[in-house]
Amino acid sequence: MASKYNPQEIEKKWQLRWEADHVYEAHEASKRPKWYALTMFPYTSGDLHIGHWYAMAPSDVHARFKRMRGYNVLHPIGFDAFGLPAENAAIKHGIHPHTWTMRNIENMRRQLKSIGAMYDWSREVITCLPEYYKWTEWFFLKLYEAGLAYRAKAPANWCPQCKTVLANEQVVGEGVCERCGTPVIRKDLEQWFFRITKYAEELLEFSGIEWPERVKTMQRNWIGKSVGVEISFGLDVKGVSEKEIKVFTTRPDTIFGVTFMVLAPEHPLVAKLTTSEHKDEVRDYIEWTRGQTEIERLSTEKEKTGVFIGSHVINKLNGERVPIWIADYVLLSYGTGAVMGVPAHDQRDFEFAQDFGLPIKVVISPPGWGGEPLKEAYVEAGTMVNSGQFNGLPSEQGKEAVSDFMEEKGCGIRTISYRLRDWLISRQRYWGAPIPIVYCSKCGTVPVPEKDLPVLLPEDAEFKPTGESPLKYCASFVNTTCPKCGGHAQRETDTMDTFMCSNWYYLRYTSPGYDKGPFDDKKLAYWMPVDQYTGGAEHAVMHLFYARFFTKAIRDLGLVKFDEPFTRLFNQGTVVFAGAKMSKSRGNVVTPDEYVTKLGSDTVRAYLMFVGPWDQGGGWDDSGISGIWRWLNRAWNLVLDEQKSESLPPIEGAIENELRRRTHKTIKKVSEDLEKFRFNTMIAALMEFTNYLAKVKEERSIVHNAWKETIDTLLLLLAPSVPHLAEELWERTGHSYSIHNQSFPSWDEKMVVEEQFTLVIQVNGKLRDRVDVPVSIAETEVRELALSRERVRVHIDGKQIKDIIYVPGRLVNIVVK
RNA sequence: GCCGAGGUGGCGGAACCGGCAGACGCGACGGACUUAAAAUCCGUUGGGCUUCGGCCCUUGCGGGUUCAAAUCCCGCCCUCGGCACCA
């Protein structure tokens, strides 16, 4: 026994040495091709849990692999440090958010270092420091100048728990806050928005990027593009100046089936168009809809409600008078806030018409329809009927014909609607980047000049949540002078959504200390875009969506030259514990520290890779971790232990060939699996290889060059996954430091080819025998061999052979009757 | 309701393009070492029958295609994720 595997000792040792030697610092001056490997940076919650490790360890292994494959790899790390939890903790414990956050960062840094990842710590970025948020504010100004940031009064999603408004993307499920699960309510407020809708069309593209189909689909659904027609209905009401109401529809072919019109209750024309005899009823209805929560209003289960407001519009295609109703199933925020009611061909309109006794007029004939009333809306394609000159047209053609006709007559125009709304970025909280805007009674809304950035967060603000920004009550912050006229002015007191901070952190990593701008153009040009981004899919329509928008926006400002920030994306799965995603706010975290202390980082890294496919995630269960621990110990002993017996036969002939063949096969398997993030099968292959080598060592004398080469290869294959163990064994086997500067082994395809294979013999598809044969065996030989086998004969004797199917290199199937 | 992913031993999971189902590991059982235990090592381990040669069944359920199906097709059931009155 040479020595025992002692991870506590060697891990610390190598981590310090790598850091002291700057092994993993990335430099632009390199002949190697660049590779920017990025893992979503963690929020500064205070503790790194197994879920973080699950995200970070395998992505580090991939980055290390790329490095050994000859790339100049940038693998940075930092902290997403602004946000509500810091402020909530401050309120609860009377500690300043800055203190709380920086203390957490210190602990997390220690934990992150224990992973043994190849992070380039010299590029650390912390979003809550003025040197960073100065540029967050700067980007706001750039977007503002470009007309991409604007302030508007709009119904906003208000979380009564977090006491702030939320973006649409942060309202999840049935209208609850993404962070705390509280049902959101509507509030009309003056808020800042980013004009993300301007990029709706380009955001649908995804050209030149390799992203999971799932994430692309989610983003496409979120954007919700609909192609249709905006149709004008005539309005002729005494004392009302408006002469039309526009509706958006994707079904212009059903225009002759309109039997009513529905406006959203908040539609601006409702007041004008309500006749005196309906005033009370309409007012009551609007009041009732206002009192409903989002959940109630959005429920698809509930009965349709609505009231007639007394006025009519004219369907310009057939001159029919159509009654105007209001109903809460029509949303003001989508399309024009008005809908043409075609009950025969839209299920919602159908239910509405049934509930209120409105006529249901069929204009698209279902196949075999004989004029009987419909039991439900017919929404499929069909033949146009009851539609004047369009009768007989298939509905798909009809769509075009009706659109053409309306465009000619000037009563309709082809248009596109999106479900996507502009991104609401104001937050009524303290711990975020201030919005650099000043309000002056003379000059109005004035952006803070660049030279005055950053607008610093005051240190002495009160954090009591009041529903308004704490900054509002901080006189020293609010009161300022107007940059234009020098007169009295007040600062904007809302801060920015933290997703604005994460919009550009990956740009900052390319030149973190730079102070003449958010980044150094040359360095940015070298590293960007990110080659491989990894993180959780929960950010599909938040961070990943905003960052794409942001990139396109600043590209149009001439600040960057690429269209997409992240070329490849991989979503690892979620680690579930006690029935929920592991997170500090849910209080179900398992910390890796005790495992690291007991078994070492290498064991934890390898175990997280081994438990299953990385994109699948799964429930946390440590029952298998001992398997990894045993394996690493076996590997350690395999490399260092003396042989038990001195009189073993040498490695030669077939054994030597087999040793080489298995080595090359393993290199191939490990390389291909690493490339595709199939860490679990990669670890399995390495275990198999280790087990095989242990057997060889039992039976043969290892005093042989082939053995030494094989062990070197094993260590190099292990290096990305278990970096400390590999480095230690590399040194102990007499190599020079560092294994992580070595090249990953390559395989020779010729060496992978087997000389023999196990021929499977089936009779009628059932396995009856198997026999090892040379790869070169001819089909006639296979047939003869198969038919002559004793175990086969039992099953074919006395039967007629119908067919013999031979799959070369695999099996032979004898079909008998 | 719609879209997507998935359902394989006691457990986590493997199986390339239709060709030996269950790799690799955990757990369990038996054995070695030990005064004993832990650790370690060796063996067995999907289920059922067995004359110990084998035979039959088995990848959520029911059909189908095929010499051959976990894999392809059709119809269901269940789990997870997303969307959900978007006109």
Side-chain angles (χ1 to χ4, degrees), chain A residues 4 172-174 212-222 224-226 228 247-251 254 262 264 297-302 304 327-331 333-342 345-349 351-352 417-421 537-538 540-541 571 573-574 576 607 610-613 615-619 621-628 630-631 633-634 637 672 678 680-691 694 698 757-770 790-791 794 802-816:
Chain A
K4 274 187 73 181
V172 297
E174 306 217 316
E213 213 45 56
R214 193 166 49 117
V215 174
K216 292 197 276 186
T217 305
M218 280 167 73
Q219 293 198 355
R220 283 195 200 102
N221 291 344
W222 187 255
K225 178 180 180 174
S226 297
V247 301
F248 174 76
T249 183
T250 55
R251 293 295 303 272
T254 64
V262 192
R297 176 149 179 189
L298 289 176
S299 168
T300 46
E301 305 295 301
K302 74 166 196 189
K304 291 275 176 292
D328 66 354
Y329 80 89
V330 174
L331 309 171
S333 56
Y334 185 78
T336 61
V339 165
M340 61 183 210
V342 185
H345 307 294
D346 181 285
Q347 191 54 31
R348 297 153 301 182
D349 296 345
E351 285 163 24
F352 191 77
S417 265
Y418 300 94
R419 204 185 78 110
L420 180 67
R421 302 269 78 82
E538 68 273 18
V541 291
N571 291 127
T574 312
V576 172
Y607 182 56
F610 185 63
V611 287
D615 56 356
Q616 220 170 277
D621 171 13
D622 63 8
S623 65
I625 200 165
S626 55
I628 298 288
R630 286 175 201 155
W631 167 55
N633 275 280
R634 282 201 305 275
N637 297 334
E672 289 177 351
R678 292 192 300 226
N680 57 330
T681 49
M682 172 203 63
I683 297 288
L686 285 171
M687 286 175 166
E688 235 171 314
F689 190 47
T690 313
N691 293 345
E698 282 277 298
F757 73 95
T758 304
L759 175 72
V760 167
I761 307 171
Q762 298 180 333
V763 176
N764 283 349
K766 285 196 171 130
L767 175 74
R768 294 304 176 193
D769 201 2
R770 46 189 128 196
E790 182 59 37
R791 292 180 183 182
V794 181
K802 304 270 291 183
D803 203 359
I804 298 178
I805 290 137
Y806 175 52
V807 184
R810 288 193 188 275
L811 58 69
V812 60
N813 188 11
I814 303 163
V815 188
V816 298

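Heavy-atom basis, side chains included; hydrogens, waters and symmetry copies ignored. Chain identifiers are assigned alphabetically (A, B, ...) following the order of the sequence lines, protein sequences preceding nucleic acid strands; residue numbering begins at 1 within each chain.
Residues passing the salt bridge (charged side-chain N to carboxylate O under 4.0 Å, His left out) test with A:Arg419: none are found, sequence neighbours excluded. Applying the side-chain hydrogen bond (donor to acceptor under 3.5 Å, both in side chains) test to A:Arg251 and every residue at least two apart in sequence or in another chain returns A:Asp253. Residues passing the side-chain hydrogen bond (donor to acceptor under 3.5 Å, both in side chains) test with A:Lys225 are A:Glu201, sequence neighbours excluded. Residues meeting the side-chain hydrogen bond (donor to acceptor under 3.5 Å, both in side chains) test with A:Ser626, sequence neighbours left out: none. Shown here are the salt bridge (charged side-chain N to carboxylate O under 4.0 Å, His left out) partners of A:Glu538, two or more places apart in sequence or in another chain: A:Lys581. In this structure A:Phe689 satisfies the ring-ring contact (aromatic ring centres under 6.0 Å, His included) test with no other residue, sequence neighbours excluded. For the salt bridge (charged side-chain N to carboxylate O under 4.0 Å, His left out) test, residues two or more places apart in sequence or in another chain that qualify with A:Glu790 are A:Arg793. Residues forming a salt bridge (charged side-chain N to carboxylate O under 4.0 Å, His left out) with A:Glu698 (at least two apart in sequence, or on another chain): A:Lys644. Under the rule for a ring-ring contact (aromatic ring centres under 6.0 Å, His included), the partners of A:Tyr607 that lie at least two apart in sequence or sit in another chain are A:Trp620.
Remark: RNA chain B takes part in the stems B:1-7 with B:77-83, B:10-12 with B:24-26, B:27-32 with B:40-45, B:46-49 with B:54-57, B:60-64 with B:72-76, each of 3 or more antiparallel Watson-Crick or G-U pairs, criterion distances under 3.5 Å.
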Which protein N or O atoms sit under 3.5 Å from an N or O of nucleotides 67-69 of chain B?
residue	atom	partner	partner atom	Å
B:rC67	O2'	A:Asn813	ND2	3.2
B:rC67	O2	A:Asn813	ND2	2.6

Pairs: protein N or O with nucleotides 24-27 of chain B N or O, under 3.5 Å:
residue	atom	partner	partner atom	Å
B:rG25	OP1	A:Asn691	ND2	2.7
B:rC26	OP1	A:Arg630	NH1	2.6
B:rC26	O2'	A:Ser623	O	2.9
B:rG27	OP2	A:Arg630	NH1	3.4

